[in-house]
Amino acid sequence: MRRRNFLGAGTAVLGALSASSGAVTASDADASPLLPPQPTSPLSAFARPLPIAPIRATTDRLIDVSVCTRPFRAQGPRIESERRYGKTIVHHYGHGGSGWSLSWGSAHVALPLVLATKERQIAVIGCGAIGLTTARVAQRHGLQVRIYCKDRPPEVRSSTATGMWTPDSRICTSQHATPAFSERWEWMARKSFKMYQSLLGLAGDPVEWRDGYVLSDTPFDQPLEMDDDEPDYPDLMERLADMRPRSIALRPGEHPFRIEHVRRFTQMTFNIASYQRLLMEDFLREGGQIVQREFSNPRQFGELKEHTIVNCTGYGARALLGDESIIPVKGQTAKLVPQPEVNYALSYRGHNLIVVPRRDGVLVAAQGEKDFGNSDTTVDRALSDAAVRRLASLFA
Ligand SMILES: Cc1cc2nc3c(=O)[nH]c(=O)nc-3n(C[C@H](O)[C@H](O)[C@H](O)COP(=O)(O)OP(=O)(O)OC[C@H]3O[C@@H](n4cnc5c(N)ncnc54)[C@H](O)[C@@H]3O)c2cc1C
């Protein structure tokens, strides 16, 4: 499908890119090198070029490459309950590329369905972003929770996410973004956002605000032509305009890059390794239990001692329930050896390059040519090597 993607001041810069930067539109040779800060006419203190530490982008410094599938549903996450096998099953899955960002708010949408059963001891199936936050929210409402899961962090799919605040990334198609959907999405996003601000400044920096640069060869109001299999996604971030730092356009001399169009943005990031460890520790400290168990059939839910079960199996729900509304959207991330001095994110629009300064490594994300509907989780090392070389060319 041929799509047009705009990137205006109001969009979540990396979020928009992560759902739309598929095509590599220029070779490594096209990428321009960095410039040292230029002397300029009087600039405001905010606009002056900030010193940036170069990223040591060589492929031998890649310490990890992971591939995973986002659990995308055209109609958005499934949050509803049903009676089956003598139990109340609350389904809570299908958060696309927004699972970490929306998790707390989404858990609060699922909560009333759980509380309505009046059960004080519940089961949560799944220990990813959605299972862990659902369990924590239930605990905070006085429930005892046992998590059953095939995998726990760091083996869960959630562990391989990029780690950005991207609450509208592949969350539904434009067609399904009805006013009712958008209102509920906004409520979830605001609830999550509020929770995340309470996790700032903690040991291990589970959540941080970071600056970043988005670079573009063409003006930002000129749409990128995307030739991929992805549907049209809505830009819901406009609804959160009041609670996000604005990105600002920088003129030559106000930034260190030899690229014509540059914007500086500020975005919330998640250090997923320490964040999911924090979630696990909090869950266990409040009496939660984790049981390793794989379900091959939902009928096995009937064997659990709990009568209320929250199904947070993410992409796993496709096989477990035969739910083909879940479409895999493949994503590959790679980590370079951590560089604590690299404190900025970077994205080169239309060049298939997104970089996030995580504590556990400088994360380099790149899209493949056919990621939508692709469930193949084989690592394509050449894809990450190419992204690292594109990054290196910026620092040549
Ligand atoms: C490359 C990539 C980048 C991403 N970047 C971001 C980002 O920057 N920001 C953001 O907000 N989101 C991002 N996402 C999306 C986010 O990671 C997902 O939406 C989120 O991980 C979904 O969480 P989950 O808990 O539903 O699923 P999972 O993490 O897959 O957890 C599912 C759990 O259920 C268990 N399970 C599954 N099936 C069974 C079974 N049959 N029996 C027992 N247990 C089972 C699993 O073992 C696991 O514990 C990204 C995703 C990808 C792939």
Over all atoms of both residues, closest heavy-atom pair of [X] and [Y]:
X: R358; Y: A161; result: NH1-O, 2.9 Å
X: M237; Y: P167; result: SD-CG, 3.6 Å
X: A138; Y: L111; result: CA-CD1, 4.3 Å
X: L132; Y: P153; result: CD1-CG, 4.1 Å
X: V124; Y: C312; result: CG1-SG, 4.0 Å
X: T160; Y: C68; result: OG1-CB, 3.0 Å

What is the distance from atom CZ of R146 to atom CD of Q144, rounded to the nearest 0.5 Å?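 Atom-to-atom, R146:CZ and Q144:CD are 9.0 Å apart.
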Contact check, side chains of [X] and [Y], non-hydrogen atoms, under 4.5 Å:
X: P234; Y: C172; answer: yes
X: V364; Y: L336; answer: yes
X: C127; Y: D151; answer: no
X: L394; Y: L215; answer: yes
X: E260; Y: S216; answer: no
X: I89; Y: P298; answer: no
X: I125; Y: L304; answer: yes
X: F265; Y: D211; answer: no

Looking only at side chains, do [X] and [Y] share a donor and an acceptor under 3.5 Å apart?
X: T69; Y: R157; value: yes
X: Q276; Y: S159; value: yes
X: S106; Y: H95; value: yes
X: Q332; Y: S66; value: no
X: Y348; Y: D217; value: yes
X: N271; Y: E208; value: yes
X: R210; Y: T269; value: no

Please step through side-chain contact (heavy atoms from CB on, under 4.5 Å) for the pair W100 and S192, ending with a clear verdict. CA-CA 9 Å; W100 281 111; S192 283; over 6 Å; no
Full working for side-chain hydrogen bond (donor to acceptor under 3.5 Å, both in side chains) between H261 and T218: CA-CA 7 Å; H261 305 279; T218 52; over 6 Å; no
So does [X] pair up with [Y], basic N to acidic O under 4.0 Å?
X: R390; Y: D385; value: no
X: K87; Y: E306; value: no
X: D323; Y: R318; value: no
X: E303; Y: R293; value: yes
X: K150; Y: E155; value: no
X: R78; Y: E80; value: yes
X: R136; Y: E286; value: yes

Quick one: do I171 and Y315 end up in the same hydrophobic cluster if we chain Ile, Leu, Val, Met, Phe, Trp and Tyr together by side-chain heavy atoms under 4.5 Å apart?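 No.
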Are I63 and L391 grouped together when hydrophobic residues (ILVMFWY) are joined by side-chain heavy atoms under 4.5 angstrom apart? no
Could you tell me which residues satisfy side-chain hydrogen bond (donor to acceptor under 3.5 Å, both in side chains) with H141, sequence neighbours excluded, listed by chain and number?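 Partners of H141 by the side-chain hydrogen bond (donor to acceptor under 3.5 Å, both in side chains) criterion come out as none, since no residue qualifies.
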For H307 and T88, run side-chain contact (heavy atoms from CB on, under 4.5 Å): C-alpha distance rounded to whole Å, both residues' side-chain angles, the deciding distance at 0.1 Å, then the answer. CA-CA 6 Å; H307 297 288; T88 299; over 6 Å; no
For the pair T378 and K330, evaluate side-chain contact (heavy atoms from CB on, under 4.5 Å) and give the outcome as yes or no after the intermediate values. CA-CA 10 Å; T378 313; K330 184 177 169 178; 5.7 Å; no
Run through D64, I272, T333 and flag the one making a side-chain contact (heavy atoms from CB on, under 4.5 Å) with L363. T333
Does S347 use its side chain to pair, donor to acceptor, with the backbone of V214 at less than 3.5 Å?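 Not a single qualifying donor-acceptor pair exists.
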Please check this pair: side chain of N374 against backbone of D376, looking for a donor-acceptor N/O pair closer than 3.5 Å.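 Such a contact is found between N374 side chain and D376 backbone.
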Classify the ring geometry of Y344 against Y213: parallel below 30°, tilted from 30° to 60°, perpendicular beyond 60°.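 Plane angle over 60°, so perpendicular.
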Are the ring centres of [X] and [Y] closer than 6.0 Å?
X: Y196; Y: F270; answer: yes
X: F72; Y: Y233; answer: yes
X: F193; Y: W104; answer: no

Run through Y148, Y85, F295 and flag the one making a ring pair (Phe, Tyr, Trp, His ring centres under 6.0 Å) with F301. F295
Residues two or more places apart in sequence or in another chain: which of them pass ring pair (Phe, Tyr, Trp, His ring centres under 6.0 Å) with W185? none
Any pair with a residue in residues 269-282 that passes salt bridge (Lys or Arg N to Asp or Glu O under 4.0 Å), sequence neighbours left out, goes on the list, sorted by first then second residue, please.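 Found D282-R285.
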Can you tell me if CZ on R56 sees more than 12 non-hydrogen neighbours from other groups inside 6.0 Å?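 It does not: R56 CZ has 12 such atoms or fewer within range.
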